[in-house]
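Below is one structure, written out as C-alpha cells, with a few remarks after it.
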Amino acid sequence: MADPARAAKMADRIKVIIAKRLERGIKDPRLGFVTITDVRVTGDLQHASVFYTVYGTDEERSDTAAALKSATGMLRSEVGKNITARLTPSLEFIPDGIPENAALIDSLLAEARNRDLEVAGLAEAKNYAGDEDPYVKPREFDEDDDFDDDEDDDDNDEAVFTSGPRP
C-alpha cells in the first residue's frame, strides 16, 4: 500500500492531466462542457475514480458520459505518459452530483425560509396565554417599609436543645 500523501499527489496530477487533455479537445462531437471536479486514487495506486460535471441538459450529460467512456483508453495513455509511476492506474469516470445536490439544498433553504415567514406571521397575530412575562420578579420595597420588625427580640432568639425523648 502506498503512502496516502503520494496517492493524493497522484490524484491531483491525474486531475490536471485529464483536464488539460479535455481542454485541448477530444475529437468526439458528443463531448460537452466538462469540468473535472475530483479524482480519487486507491491506496495501491491501481485505480483512479474521476468525478466530473457537465453543464447542459440530461441528453448532453448522457452523450458526454458515452464520449468519456470511449476516450478512456486514450486518456489513460495520456496519464501514463505524464506520471512517474511504474503502473498506470485504470480510469473510471463517475458523474458528480454537485449540481443536483446544490439544487436540492437551494430548494430546502427556500422551503425553510417560507416556513419561517409563515411562523413569524402567525406569531404576530397571537396573544400570550398568561402574563406576557411569566417569570417571578424580585419584589420592590419602598424606603418607608420596615425590613426588621423584631429589633427588640434579638436577645431572646437563643435555641434550647435537649437530648433524649420529649416529655
Side-chain angles (χ1 to χ4, degrees), residues 1-140:
M1 182 154 163
D3 183 27
R6 182 172 181 220
K9 285 180 187 178
M10 183 179 277
D12 288 341
R13 183 71 184 137
I14 290 171
K15 181 179 177 180
V16 169
I17 292 167
I18 291 175
K20 283 184 179 179
R21 182 62 182 122
L22 290 174
E23 184 179 300
R24 280 187 276 150
I26 295 177
K27 296 179 183 178
D28 195 338
R30 300 176 294 177
L31 191 66
F33 186 71
V34 180
T35 303
I36 304 298
T37 56
D38 193 20
V39 175
R40 294 190 185 147
V41 178
T42 58
D44 60 356
L45 307 177
Q46 295 294 314
H47 304 286
S49 299
V50 181
F51 295 91
Y52 69 94
T53 60
V54 179
Y55 183 74
T57 63
D58 290 335
E59 182 182 342
E60 291 173 338
R61 289 184 188 132
S62 62
D63 289 346
T64 300
L68 287 174
K69 186 173 182 177
S70 68
T72 300
M74 187 269 302
L75 291 171
R76 183 174 183 218
S77 65
E78 187 79 21
V79 167
K81 291 177 192 174
N82 292 305
I83 62 170
T84 56
R86 190 170 63 105
L87 299 171
T88 302
S90 62
L91 301 177
E92 177 187 11
F93 289 94
I94 301 169
D96 204 350
I98 290 176
E100 292 83 10
N101 290 342
L104 177 65
I105 290 171
D106 283 341
S107 68
L108 290 174
L109 288 173
E111 181 182 341
R113 190 177 315 111
N114 291 337
R115 286 186 181 181
D116 285 345
L117 291 174
E118 181 181 320
V119 168
L122 290 173
E124 284 180 6
K126 299 300 176 185
N127 295 329
Y128 291 102
D131 293 334
E132 285 188 19
D133 190 6
Y135 297 105
V136 177
K137 293 188 171 123
R139 198 170 71 185
E140 296 179 12

Practice problem: Would you please name every residue forming a side-chain hydrogen bond (donor to acceptor under 3.5 Å, both in side chains) with Ser49, sequence neighbours left out? | Solution: none
Exercise. Determine whether Leu45 and Leu87 make a side-chain contact, defined as any pair of heavy atoms from C-beta on separated by less than 4.5 Å.
Key: no
If you look only at distance, which donor and acceptor atoms sit under 3.5 Å apart when one is on a side chain in residues 9-22 and the other is two or more places apart or in another chain?
| from | atom 1 | to | atom 2 | distance (Å) |
| --- | --- | --- | --- | --- |
| Lys15 | NZ | Thr37 | O | 3.2 |
| Arg21 | NH1 | Gly25 | O | 3.2 |

Self-check item: Pairs touching residues 93-113 that satisfy salt bridge (Lys or Arg N to Asp or Glu O under 4.0 Å), sequence neighbours left out
Solution: Arg61-Glu100, Glu111-Arg115
Quiz prompt | Residue pairs involving residues 31-43 (criterion salt bridge (Lys or Arg N to Asp or Glu O under 4.0 Å); sequence neighbours excluded) | solution = Asp38-Arg40
Quiz item: Any sub-3.5 Å donor-acceptor pair from Glu60's side-chain atoms to Thr57's backbone N or O?
Solution: yes
Less than 3.5 Å apart, which donor and acceptor atoms pair up between the side chains of residues 71-80 and the rest of the protein, not counting sequence neighbours?
| from | atom 1 | to | atom 2 | distance (Å) |
| --- | --- | --- | --- | --- |
| Thr72 | OG1 | Leu68 | O | 2.8 |
| Thr72 | OG1 | Lys69 | O | 3.1 |
| Arg76 | NE | Pro89 | O | 3.1 |
| Arg76 | NH2 | Thr88 | O | 2.7 |
| Ser77 | OG | Met74 | O | 2.7 |
| Glu78 | OE2 | Arg24 | NH2 | 3.2 |

Quiz item: Which of these, Ile94, Ile36, Val41, sits in a side-chain contact (heavy atoms from CB on, under 4.5 Å) with Val50?
Solution: Ile36
Self-check item: For Phe33, side chain to side chain contact (heavy atoms under 4.5 Å, CB included) partners two or more places apart
Solution: Thr35, Tyr55
Exercise. Supply the atom-to-atom distance Leu109 CG to Asn114 CG, rounded to the nearest 0.5 angstrom.
Key: 11.0 Å
